[in-house]
> 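My questions all concern the structure below.
Both counts, for ligands and for their atoms, begin at 1 and track the order of listing.
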Amino acid sequence: MSYSPYISVVVPVHNEQEVLEELYTRLTQSLDKLDKPYEIILTNDGSTDKSSEMLQALHERRPDQIRVIEFNGNFGQHMAIMAGFEHVRGQIVITMDADLQNPPEEIGKLVAAMEQGHDVVNTYRQDRQDSLWRLKVSKWHNQIREWMIPKLKMKDEGCMLRAYSRYIVDLMVSTGESSTFIPALALMYAANPTEVGVAHAERSAGTSSYNFYKLIRYNFDLITGFSVFPLQVFTMIGVLISMCSFAFVVFLFLRRLIVGPEVQGVFTLFAIMFFLIGIVLFGLGVVGEYVGRIYEEVRKRPRFVIRRVLEKPEVQVLNNTGT
Ligand code: UDP
Ligand code: MG
């Protein structure tokens, strides 16, 4: 008998031993209520706690429905989701975080929106429960992102509880990108996306895997992956500075002719020089962000390495030889 799921839920897991049991209970309860065949794909992204053993136990509890992908190391949340995408068997694919900040009880809402014919269902967090600095950073970031990448129409890019049609998921997998941002990538291909509000809770246990540095890296992935705006900004600054410098040279030349040789203003010139050097270094850094990513892509190293997959084969042929 083959088990073909209709809904696939993909969850990245990185050091989540404290929440896995609750995740299992609440997720399976919410999905059982929908009364549609489903599967849950949990990708263990190089956890160093007991997550690996716990995931294996979850698979053993419900081998038909729970599949586990084990990475060989830590490849990041988006790669963990991508690996899940490579393995999905359902038609509606839901992504969510393991830490229960996105309540699994909201999945029904997403499935209903998909069934109305949308190919991507984005979400925004209502009454967000995060630390104040995270809220602020997120708000600024959403504003900057909207300004830099206006084609990405989403209120809240940080909420990972989202639904995608299988067609969109297959397209995302086919890109083979190694630094990507899944909600943005999906929007590139969506023909009929929509957005729904979902509840948000505090992390139920454990700690966030993101520190300030990781958050910055993560945001650079989004900006550089979907826009060349930062590079264009430097072209514009370059043009502006060149024009100003030209005017300044003409001004100095005329002064030289009119006033004669003079040494005042050396420190002002130094200040201007340091300012310009700062801009150049910053611009170089921005170019470096793009070059680094191009380098990653051209090396063609595998974007993640799977150590093992715990799952039942897709089609199980029953022993029908009569013996
Ligand atoms: N995660 C992951 N790999 C990482 C970091 C995080 O798979 O390197 C997972 C993590 O287990 C969780 C989700 O990505 O399911 C979101 O991570 P987290 O809750 O730490 O981030 P935050 O909610 O603080 O942004
Ligand atoms: Mg979280």
> Got the closest protein heavy atom to atom 8 (O) of ligand 1, with its distance?
N74 ND2, 3.1 Å
> Would you check if Q77 and D45 make a side-chain contact, meaning some heavy-atom pair closer than 4.5 Å?
no
> Any N/O/S atom, backbone or side chain, of D99 lying under 2.8 Å from the Mg ion (ligand 2)?
yes
> Please write down residue, atom name and distance for the protein heavy atom closest to atom 1 (N) of ligand 1.
H14 CB, 3.6 Å
> Among all protein heavy atoms in this structure, tell me which lies nearest to atom 4 (C) of ligand 1, with the distance rounded to 0.1 Å.
D45 OD2, 3.4 Å
> Any non-hydrogen side-chain atom of K36 less than 4.5 Å from a side-chain atom of Q91?
no
> How about T28 and R62: do any of their side-chain heavy atoms sit closer than 4.5 Å?
yes
> Go through ligand 1 atom by atom and flag the ones less than 4.0 Å from a non-hydrogen atom of Q101.
23 (O)
> If the threshold is 4.0 Å, N to carboxylate O, is there a salt bridge linking R67 and E86?
no
> Quick test of your reading of the structure: of S208, G76, P12, whose heavy atom lies closest to atom 7 (O) of ligand 1?
P12
> Which ligand 1 atoms, with their elements, are less than 4.0 angstrom from a heavy-atom of A98?
12 (C), 15 (O)
> Looking only at heavy atoms, what is the nearest atom pair of R89 and S8, with distance?
N-OG, 3.7 Å
> Around atom 19 (O) of ligand 1, find the nearest protein heavy atom and jot down its residue, atom name and distance.
D99 OD2, 2.6 Å
> To check your reading of the model: name the closest protein heavy atom to atom 13 (C) of ligand 1, its residue, and the distance in Å.
D97 OD1, 3.5 Å
> In terms of residue, atom name and distance, what is the protein heavy atom nearest to atom 18 (P) of ligand 1?
R203 NH2, 3.6 Å
> Is it true that D170 and R166 have a side-chain N and a carboxylate O under 4.0 angstrom from each other?
yes
> Would you check if the side chain of D97 reaches a backbone N or O of D99 as a donor-acceptor pair within less than 3.5 Å?
no
> Counting backbone and side chain alike, does S208 bring an N/O/S atom below 2.8 Å of the Mg ion (ligand 2)?
no
> Students should be able to answer this: which protein heavy-atom is nearest to atom 25 (O) of ligand 1, and at what distance?
R134 NH2, 2.9 Å
> Give the residue, atom name and distance (to 0.1 Å) of the protein heavy atom nearest atom 21 (O) of ligand 1.
Y210 CD1, 3.1 Å
> In terms of relative ring orientation, are F71 and F304 parallel, tilted or perpendicular, with 30° and 60° separating the classes?
parallel
> Backbone N or O of T224 within a donor-acceptor pair of the S227 side chain at under 3.5 Å?
no
> Which of the atoms of ligand 1 are close to E16, meaning less than 4.0 Å from one of its heavy atoms?
10 (C), 11 (O), 12 (C), 15 (O)
